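Lettering of chains follows the sequences in order, A, B, ..., and the numbering in each one begins at 1. Note that the structure is predicted; figures quoted are calculated from it, not measured.
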There are 2 protein chains.
Amino acid sequence: MPNSQKKTKKELVFEAAGKLFMEKGYLAASMRELAERVGLEQASSLYNHLKSKEEVLRKICFDNANKFINGISEIEQQSNTSAEKVKQLIALHIRVATDDFTSVTVFNDEWRHLSEPFLSNFLTLRRDYENRFRKIIESGIASGEFKKTHSTVALYTILTSVRWIHYWYNEERELSLEDMEKDITSMLLTGLEKD
Amino acid sequence: MPNSQKKTKKELVFEAAGKLFMEKGYLAASMRELAERVGLEQASSLYNHLKSKEEVLRKICFDNANKFINGISEIEQQSNTSAEKVKQLIALHIRVATDDFTSVTVFNDEWRHLSEPFLSNFLTLRRDYENRFRKIIESGIASGEFKKTHSTVALYTILTSVRWIHYWYNEERELSLEDMEKDITSMLLTGLEKD
DNA sequence: CCTACCGATCGGTAGG
DNA sequence: CCTACCGATCGGTAGG
């Protein structure tokens with residue numbers, strides 16, 4: 001909740017933790033530095049607000065997973081063409097990434113430090129999401145909307161195309177969100193080359 | 001050198017280290033586990049073959065950076081269309097990734113753990129590479145070969161599209177390298193949609 | 001390549 | 001929220 005107004009100390013701690021995880025990586029982020037950043041003298045004081053370092057990582061990973069799962073569920077229910085659904089999925093990824101780019105970066109890059117059984121749960125959710133995304137691509141190929149392409153290649157090309165946005169988001173942005181979304185969608189659906 | 005025949009112990013140690021860095025991440029990879037994997041009882045014995053843990057990371061990061069820099073230098077010298085150059089750049093990324101996917105994964109994901117001045121040197125090389133790649137895209141837009149697209153958006157869409165290959169490389173591969181390259185190039189240059 | 005070991009740092013707990 | 005502290009683990013060195 002990056003834009004809410006009256007934040008509890010717990011929310012502040014969780015947000016600062018996410019930012020630290022993003023900046024240094026989960027393992028390199030120390031509880032002592034986190035304590036400093038939220039104005040606590042001792043790392044031990046953090047444990048009034050969180051159960052463990054990993055609890056924060058779990059929250060970030062599963063909250064973001066749920067954003068994607070809820071998003072694709074809505075998109076599946078609409079009676080649209082496959083091309084329209086893929087466009088909406090691209091828009092979903094861009095929206096999630098720009099809503100809270102800190103947490104989506106941690107979700108993308110640090111999930112592997114989850115311990116079991118959370119790691120397995122997370123991977124199950126991810127595989128499920130990817131399968132549902134792949135099915136949309138495959139029905140577009142079957143219906144003739146899309147070229148005959150290996151669906152896994154198309155899937156990962158789209159999924160990764162959308163993963164550099166947080167990097168761009170930190171730089172000077174000479175481009176509006178809408179224009180960026182238009183350019184990415186255009187490249188993936190109709191290509192960079194002129195007809 | 002993943003396929004050479006008579007490897008020195010030093011080469012074996014560096015290779016095993018790269019694999020461990022990929023599997024666990026640089027920070028989570030311990031010198032004690034590396035020692036076990038190469039048949040040494042003590043982590044301290046590793047230091048006959050390497051100067052430090054970071055030395056291995058540095059070698060991986062800069063060796064791969066040089067592969068890309070040498071690749072783009074060759075491509076720039078040829079008198080080809082911009083579209084052909086972009087195709088060759090995509091092929092370069094796929095080739096580097098599949099030649100030694102372990103080391104390219106570490107290069108992609110772990111460079112941030114380089115210490116100064118290596119981190120700054122690395123980022124300078126990366127920025128230089130990206131600028132040269134961007135220039136090729138921009139001349140294709142200027143010449144009318146490519147659609148009017150924000151060149152940074154096009155650049156990162158291409159660069160990240162090619163970063164999931166190591167993931168695919170670990171799974172069962174139902175697809176040849178050549179077919180994958182064809183599908184990725186087709187998606188990025190002419191899009192997923194049928195005309 | 002091993003033995004022996006070091007100082008630093010880690011996440012986390014007990015108790016108030 | 002702090003004081004005091006713990007056991008574990010880390011990368012690395014000295015010396016042979």
Query - Contact residues, residues 29-42 of chain A to DNA chain D [heavy atom, < 4.0 Å] - result: A:L40, A:E41, A:Q42
Report task. Begin with the C-alpha distance, continue with both residues' side-chain angles, and end with the deciding distance and a verdict on side-chain contact (heavy atoms from CB on, under 4.5 Å) for B:I158 and A:M187. Result -> CA-CA 9 Å; B:I158 295 172; A:M187 267 197 77; 3.9 Å; yes
Query raised in the report: Residues from residues 44-58 of chain B sitting under 4.0 Å of DNA chain C, heavy atoms only?
Result: B:S44, B:S45, B:N48, B:H49
Requested in this report: Could you pull out all residues at least two apart from A:A16 that satisfy side-chain contact (heavy atoms from CB on, under 4.5 Å)?
Outcome: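 A:L34, A:V38.
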Side-chain donor-acceptor pairs under 3.5 Å in residues 86-93 of chain B, sequence neighbours left out?
unit_1: B:Q88; atom_1: NE2; unit_2: B:Q78; atom_2: OE1; d: 3.3
unit_1: B:H93; atom_1: NE2; unit_2: B:Y129; atom_2: OH; d: 2.8

Report task. Over 60° means perpendicular and under 30° means parallel, so classify the ring planes of B:F122 and B:W111, tilted if in between. Result -> parallel
Query raised in the report: Relative to the ring of B:F62, is the ring of B:F118 parallel (under 30°), tilted (30 to 60°) or perpendicular (over 60°)?
Result: perpendicular
Query raised in the report: Does NZ or CZ of B:R163 lie under 6.0 Å from the centre of the six-membered ring of A:W164, at an angle within 45° of the ring axis?
Result: no
Query - Nucleotide interval of DNA chain C bounded by contacts with chain B (heavy-atom cut-off, under 4.0 Å) - result: C:dC1 to C:dA4
Query raised in the report: Counting heavy atoms not belonging to A:K147, are there more than 12 under 6.0 Å from its NZ?
Result: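 Atom NZ in A:K147 is packed in, count exceeds 12.
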Report task. Inspect the surroundings of NZ in A:K135 and state if more than 12 heavy atoms from other residues, nucleotides or ligands are less than 6.0 Å away. Result -> no
Query raised in the report: Are A:L12 and A:Y47 connected, step by step, through hydrophobic side chains (Ile, Leu, Val, Met, Phe, Trp, Tyr) whose heavy atoms are closer than 4.5 Å?
Result: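 No, it is not one cluster - the side chains of A:L12 and A:Y47 are not joined through contacts under 4.5 Å.
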Query raised in the report: Quick one: stems for DNA chain D, with Watson-Crick or G-U pairs under 3.5 Å, at least three in a row?
Result: C:1-16 with D:1-16
Query raised in the report: Quick one: does B:K85's side chain have a donor or acceptor within less than 3.5 Å of a partner on B:G140's backbone?
Result: no
Report task. Drop me the distance from A:R58's CZ to A:K51's NZ, to the nearest 0.5 angstrom. Result -> 8.0 Å
Report task. Kindly indicate whether the side chain of B:K10, heavy atoms from C-beta on, has any atom under 4.5 Å from the side chain of B:L50. Result -> no
